[in-house]
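What follows is a short report on a single structure.
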Amino acid sequence: MIKTLASYIREFRLPSILTPVMMVAEVIMEMVIPLLMASIIDNGVEKGDMQHIMKVGMIMVVAAGFGLLFGILGGVFAAKASTGFARNLRKAMFDHIQTFSFSNIDRFSTAGLITRLTTDVTNIQMAYQMLLRMFVRAPITLIVAMCMAFYINHSLARIYLTAVLILAVFLGLIISNVTRHFREVFKKYDDLNASVQENVSAIRVVKAYVREEYEKRKFFRASENVYRLFVKAEKILTLNMPIMMTTVYTCILLISWLGAKMIVSSTLTTGELMSLLAYCMNILMSLMMLSMVFVMITMSSASGQRIAEVLNEQSLLTNPEDPVYTIPDGSVTFSHVDFRYNRDSDNNVLKDITLEIASGETIGIIGATGSAKTTLVSLISRLYDVSSGSVKVGGIDVRAYDLDTLRNNVAVVLQKNVLFSGTIFENLRWGKEDASEEECIRAAKLACADEFIRKFPDGYNTHIEQGGSNVSGGQKQRLCIARALLKDPKILILDDSTSAVDTATDARIRKAFREEIPGVTKIIIAQRISSVMDADRILVLENGAVHGFGTHEELLGRDEIYTEIYETQTSGGGDFDEAARAADADYRDEAFDRRGGENG
Amino acid sequence: MSEQNSKPVSGPGRRGMRGPRPKLKDPVGLFKRVMSYVTKYYGIHIVLVAVCIVISVLCNARGTMFMQTLIDGYISPLLASPDPDFSGLLHAILVMAGIYAVGIIASFAYNRIMIYVSQGTIKHIRDDMFEHMESLPIRYFDTHPHGDIMSNYTNDVDTLRQLVSQSIPQFINSGLTVITVVACMLMLSPVLTLLTLAMAGLMLFLSGKLAGISGRSFLAQQKDLAAVNGNIEEMMEGQKVVKVFCRENIAMEHFGALNQSLYESANSANRTANIMGPVNAQLGNISYVLCAIAGGVLALKGFMGFTLGGLASFLTFNRNFSMPVNQITMQMNSIVMALAGAERIFTLLDEKPEEDNGCISLVRCRMEDGKIIPVKERTGMWAWEHPYPSRGTVEYIPMKGKVVFDHVDFGYEKDHIVLHDISLYAEAGQKIAFVGSTGAGKTTITNLINRFYDVNTGSVTYDGQDIMKIKKPDLRRSLGIVLQETQLFTGTVEENIRYGKLDATRDEVIAAAKLANADGFIRRLPQGYDTMLKGSGSNLSQGQRQLLAIARAAIADPPVLILDEATSSIDTRTERMVQEGMDALMKGRTTFVIAHRLSTVRNSDCIMVLEAGRIIERGPHEELIEKKGKYYQLYTGNLE
């Protein structure tokens, strides 16, 4: 982990080195002051030498001034190094994630990636800054103060050395104990907050089942548990105080006693005694700081670990060495394809799929939830790699193509689709960066999106909010289809992309496809039988295997699953909600709806 | 209905960053309220803590004064004496050891007690928050972003804990230390004290100035951070789309630019913050140096009886003075931040809870000679118990499940009515369906039955009783709800189904799962009914989660059911399997069903066609078809 992270510091090597150097310089300046103090007392005050007091005083001021300078520089360098480190980490992670395959993304989950890019990086930035400024400073303070003490008086300084050793042992024990406890507490604490989160989002269920009391009891139990663990951990932490203070005070008293004797026997001066006692405080402070730094580092190491995980993740999909840059046609061939999401599991999601789809054909795919429809089409644009067998596009294995070439020619409208903040034009141009307005409008017309876009006050320049939250589900789907069409693909895959579009519009979209882009291979996954009925051929999937593949007429009556779906859906007519939506859906209603009630 | 699933994840942690000081309306009042929370449970503790702090501060001051005693009282005379006798010094040192010991014990004691005070207070606040939150009306949750509510529990509680456990005791400690130190310094030398105070003033002034600058640059950093985090969130949500469109390079470029400007502002913000430390520390050193010089001169002249020992003690005091002053300025910031958190917590605690003025409750009963007798044991029969305190009598009304809407108007906001003049009758055991476009008000109607929201005008009655008169828990217990967006809880599958009836046996759970056709897939899960569901069941498909929700409603066995798009995410084939279970579930129960599939609503006793908050058509399927109105149009898909 440290090696991975450290490589992103390289650019800021200089400030990363200079910070501790400045810190050391500042510490030395600070440590000189008590020594000079001794000189003022012994050679100035005691001997009545005004000149000396002034001279040494000036040196002290100069020392403090240099201390200030070094301190400021240290702060400046530390800020540069730590924020720069954070910048590099963020950038490296973001860029690396761009190379991730779908399986990599699935492994981390969106929320997981967001936390790593935000909170974890901030934690590391703070810890690194702390590390640069304190981690060197504290031990150096300790060492310098100790040296000064030895310089003044050997035998008395030995008391400090013993004390520091004793303290170090105790503090080490406490810290290692405490971090273990705290880790446990924070885990429980996270669980507690997760349960609050759950309650907030499921409040309707809680209230509907009158489970408020039940949830409260559950929460109080967990809360009590967290409380007890926190108390336990902090109790250990408070042992720090008396141990530290006892040691320090013992030192002060011992030094006072022995020091007084030595002064009387003229082996020590009063000024020296005073500076010895001043160093005592410095040593104490540095130890406290050191223990703080340790706690901080152990706490942020989890963040570092999480970041390193992302950075070390190998993308499971790589461009072939000698890639093919042209796709001859839009034919698709599956031969004996097996697929599983997890290499180690033996649970095949797709089983021995063999299919031939001709260029320009329209294929409908239908099947129950979990029958692996989405998985099947994901293999065509190589969002995942097959576990065995092969998928060919235009007669060439998809793994031989340049990834960008393949994906630009195989347009997928994902089931869980997203629009991005920006105007409608900007969103459409995701499909083709330099698309002219005419091209955009043509694609929108094909996807039956033009009609509602024109109704917006700003038309194509309407601003889409993050995640497309200001357009309705059906509108969003049509925009996503238009965006994919702009790619001018050889193969177009719609993964349940018209589910929120009413039946009539859905039919018009399909008609437009038939007439305007006849050469494009179209693969349409749908729940609605009407969306696939008029396809050239329909693929019926069941549990990851082909159950039937043929025209509507061939399947009806012969394939029991297809027949069953057909009968359930046609006997009850169309789809109510969506038909109704088509009748009076306009932009305002939809927007209001989301404002009104959650499930309005 | 994809918009339901794409709600942006507003996680906690947005406010957590260091930032400029927030403005508070009534900091004193807030502080008092926090303290009243502390003293409510830990009054005696607080007194003890205060006493211990005073003792420890005094012991500390006495310890510092010892320098003077040591030098002036013992070392100097001993130096002068030809035959030094150390027994006096030994005695003094032993006394000091005693004083130090008292100080250590006192400070250890107050730190120990503070653990209980701070953790306990936080626990009480957290528990109160949760308890209060559970009592809040649905409106609260609909009008407040969930991320903000969460942040009350995470960020706000955390800063408040800092306040109680560290800031307040340190503030008191530092304050007391400053006072005693100033007093001691005054005793030693008023002149040097003035010098020290002047330097402290300069220190405060400078750090105030720096804080102002750093506040401004933190503001800039905050803005850039928000932009970067927003971009991260959006791009990670859409990462798969980015890949599908090969937009990786553009995404990187865009992020790189945002990231760079964050780096620049973060760098300058951190720089000013970092400078603050050494400036204060070195000013402290300069103050020390100046006192050393001035003190040296004074001691040399023997001015106003100032001695070498006095100087030694004074210099230590000078050190001890800078530290708490620094600490106070540092604590000020965190106190303000914590009070801002406290303000948000108290806002939650001050939210008005759901009102319940109902008096009618639901009781188990049996029939005897045509009369209803309330009983404790399960009988499968229920009745409404309506007490008349004025007459001292109790009336029992058999529960049947008849629901009537009488000229109901409703709006989520007072002046924006979304339901107009809704009247409907659902006889016991009938199935009533609502159809209409999104936003027509279907769910809103069901929200009124279980009183998630209350009607503006008109009334809803249940078995002839106004639902406003029925106790809310009893009302809701009699209604089973399956919502479109399925919410499950962390726990096993079995526990999730049992949520509908806490004392259900394993067999009952399995029976309910079978009814909902969920048994099959549950058995295929790795640990069957004991499979843990995490993150509200994200390891299940949407359809599977809906099946579990149906099983959960089935086990509760309520007389009235509300199914709000309960089968929307189940494909038609699975739905047909569920449908059988649902039909079994609906048998003999009054059912309100919202569905967009016609097959689901066709066999209803009455279908309500809603448009813009009004019922525009009503009647059974055949009747509506014959009428050739809106329903017919929708049904045949013939829009013209």
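In what follows, chains are A, B, ... by sequence order, proteins preceding strands, each numbered from 1.
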Practice task
Answer yes or no for B:Lys243 and A:Phe102: cation-pi contact, defined as NZ/CZ to six-membered ring centre under 6.0 Å and angle to ring axis within 45°.
Solution key: no
Handout entry: Cation-aromatic face contact A:Lys487/B:Phe245, 6.0 Å, 45 degrees
Key = yes
Side-chain donor or acceptor of [X] paired with backbone N/O of [Y] under 3.5 Å:
X: B:Lys123; Y: A:Val226; answer: no
X: A:Lys91; Y: B:Met252; answer: yes
X: A:Arg211; Y: B:Tyr499; answer: yes
X: B:Asn270; Y: A:Ala79; answer: no
X: A:Lys207; Y: B:Leu136; answer: yes

By a 4.5 Å heavy-atom criterion (distance strictly below it), what part of [X] contacts chain B: side chain, backbone, both, or neither?
X: A:Ser381; value: neither
X: A:Asp191; value: neither
X: A:Phe100; value: backbone
X: A:Ile263; value: both

What part of [X] gets within 4.5 angstrom of chain A, counting heavy atoms only: side chain, backbone, both, or neither?
X: B:Arg126; result: both
X: B:Ala269; result: neither
X: B:Ser268; result: neither
X: B:Leu479; result: backbone
X: B:Ile250; result: side chain
X: B:Leu78; result: both
X: B:Asn450; result: neither

Exercise for the section: Enter the distance from B:Glu131:CD to A:Phe220:CZ here, rounded to the nearest 0.5 Å. Expected result: 4.0 Å
Problem - Gap between atom CG of B:Asn229 and atom CZ of A:Arg90 - 0.5 Å precision - result: 7.5 Å
Practice task
Over 60° means perpendicular and under 30° means parallel, so classify the ring planes of A:Tyr249 and B:Tyr100, tilted if in between.
Solution key: parallel
Handout entry: Step-by-step side-chain contact (heavy atoms from CB on, under 4.5 Å) determination, B:Ile286 to A:Leu68
Key = CA-CA 10 Å; B:Ile286 289 174; A:Leu68 181 64; 5.7 Å; no
Practice task
Determine, stepwise, if the pair A:Val206 / B:Phe489 fulfils side-chain contact (heavy atoms from CB on, under 4.5 Å).
Solution key: CA-CA 10 Å; A:Val206 174; B:Phe489 296 86; 3.8 Å; yes
Fill in the blank from the handout: Residue from A:Met241, A:Met58, A:Lys80 scoring the most non-hydrogen pairs under 4.5 Å with chain B is A:Lys80
Problem - Which of A:Val76, A:Ile40, A:Val196, A:Ile105 touches chain B most, by non-hydrogen pairs under 4.5 Å - result: A:Val196
Problem - Check against side-chain contact (heavy atoms from CB on, under 4.5 Å), A:Ile97 and B:Met236 - result: CA-CA 9 Å; A:Ile97 290 167; B:Met236 290 302 119; 3.9 Å; yes
Practice task
Mind listing the closest non-hydrogen atom pair of A:Val231 and B:Ile115 along with its distance?
Solution key: CA-CG2, 3.8 Å
Practice task
Taking all non-hydrogen atoms of both residues into account, name the closest pair between B:Ala251 and A:Gln98 and its distance.
Solution key: CB-OE1, 4.0 Å
Practice task
Kindly determine whether A:Ser256 and B:Tyr74 satisfy side-chain contact (heavy atoms from CB on, under 4.5 Å), including the steps that lead there.
Solution key: CA-CA 11 Å; A:Ser256 303; B:Tyr74 296 98; over 6 Å; no
